[in-house]
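Everything numeric in this text was worked out from a predicted model, so none of it was measured.
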2 protein chains.
Amino acid sequence: MPPKDDFDLHAFLPYLLNQAAEASSLGFQASYKGRYGMLRTDWRVLFHLGIHGRMTAKDIGERAKIHKTKVSRAVQRLADRRFLTRERDESDRRSEFLELTQAGQAAYRDLRAIAQEYEARLTARFSAEDTVLLKRLLVELAR
Amino acid sequence: MPPKDDFDLHAFLPYLLNQAAEASSLGFQASYKGRYGMLRTDWRVLFHLGIHGRMTAKDIGERAKIHKTKVSRAVQRLADRRFLTRERDESDRRSEFLELTQAGQAAYRDLRAIAQEYEARLTARFSAEDTVLLKRLLVELAR
DNA sequence: AGGTAATAGTTGATTTTGTAACTAACAACG
DNA sequence: CGTTGTTAGTTACAAAATCAACTATTACCT
């Protein structure tokens with residue numbers, strides 16, 4: 001019979017990170033899924049384009065650390081909804097420049113506002129210093 | 001043309017959490033996937049059984065906050081590998097008690113050691129106080 | 001130039017997850 | 001008892017993620 005054990009799973013960092021990430025993702029998803037029928041990858045791509053403007057799928061993948069097939073399919077979905085346009089790069093015809101349309105920009109601004117609200121709600125329970133520290137440590141861990 | 005924008009995605013908490021969680025999960029996965037061909041849910045279930053001993057699928061699901069279908073399938077995989085045994089609860093024949101076999105316990109101890117090493121490596125770059133604070137905030141966020 | 005390797009992006013096959021419906025067993029209430 | 005409602009766990013089907021293979025184009029190398 002397996003004996004009890006004092007290893008604390010709830011103090012295991014990868015486990016904790018997953019729980020927190022899951023909870024916050026679901027919470028945020030609840031905010032935007034109703035509005036546009038978007039997947040997580042979709043809004044990430046939308047945000048990158050909203051923030052940086054015109055860029056290629058490859059650049060998005062690198063910056064956001066999303067695999068190219070995921071980016072490709074998210075771009076397709078966003079293009080289907082007329083949230084972005086594709087334009088072949090004539091100096092290197094393998095890649096294409098992506099750019100938000102008016103509708104895409106509007107959706108981005110809308111979602112950005114929701115994101116900022118959500119962020120505020122999440123961090124409201126922490127002191128400003130704690131929040132800064134938390135983010136610093138998370139950035140460290142992400143590398 | 002979409003203008004640049006000063007919203008900082010890398011300071012958006014759900015995004016940061018996902019990046020950190022992803023990175024740490026992958027890192028840990030690299031440690032155990034080679035050893036046993038296990039999925040994330042599998043080792044979670046294994047850990048719960050290793051820590052708490054004999055318990056039902058329902059209990060595992062509740063404690064770990066894993067949906068019952070995921071638990072069910074993880075239990076099946078672990079049973080296939082002879083890592084656990086199932087025993088019907090005769091006082092309530094709907095549920096069954098799960099318990100690690102010798103092989104299951106050995107795998108658990110092995111993975112636990114790897115987890116502890118990995119944890120140590122992850123937190124090595126932080127001060128003890130920072131680590132404590134980080135975990136406290138993550139627990140907060142997970143609720 | 002010609003051949004080989006590398007790169008951007010897409011597509012298809014296989015796994016894994018999520019959702020809903022199902023079976024079997026128990027509970028509660030008349 | 002008998003009907004209705006719940007619960008533990010499984011299964012079936014749809015949505016999504018993963019991985020490999022593919023097309024088209026460019027870069028490298030001799």
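- By the ring-ring contact (aromatic ring centres under 6.0 Å, His included) test, A:His67 is found to be paired with no residue, residues two or more places apart in sequence or in another chain being considered.
- Evaluation of the side-chain contact (heavy atoms from CB on, under 4.5 Å) rule for B:Glu129 yields B:Ser127 as partners, not counting sequence neighbours.
- Side-chain atoms of B:Arg94 come within donor-acceptor range of the base of D:dT7, with a qualifying N/O pair under 3.5 Å.
- A residue-by-residue look at A:Asp92 and B:Phe97 shows that B:Phe97 has its nearest nucleotide of DNA chain D further toward the 5' end.
- The nearest whole Å value for the distance from the CD atom in B:Gln29 to the C1' atom in C:dT15 is 13 Å.
- Rounded to an integer number of Å, the gap from CD of B:Glu96 to C1' of D:dT7 is 14 Å.
- For residues 55-66 of chain B, the set of pairs meeting the salt bridge (Lys or Arg N to Asp or Glu O under 4.0 Å) definition, not counting sequence neighbours, comprises B:Lys58-B:Glu62.
- For the segment residues 57-90 of chain B, residues with any heavy atom less than 4.0 angstrom from an atom of DNA chain D are, sorted by number, B:Ala57, B:Lys58, B:Lys68, B:Thr69, B:Ser72, B:Arg73, B:Gln76, B:Arg86.
- Residues satisfying the salt bridge (charged side-chain N to carboxylate O under 4.0 Å, His left out) test with A:Glu22, not counting sequence neighbours, are none.
- Applying the ring-ring contact (aromatic ring centres under 6.0 Å, His included) rule to pairs touching residues 110-133 of chain A yields A:Phe28-A:Tyr118, sequence neighbours excluded.
- For the pair B:Arg112 and A:Phe7, the cation does not sit on the ring face, since its NZ or CZ is not both under 6.0 Å from the ring centre and inside 45° of the axis.
- Between the C1' atom of D:dT18 and the CZ atom of A:Arg40 lies a distance of 14 Å, rounded to the nearest Å.
- Counting to the nearest Å, the C1' atom of C:dA27 and the CZ atom of B:Arg93 are 17 Å from each other.
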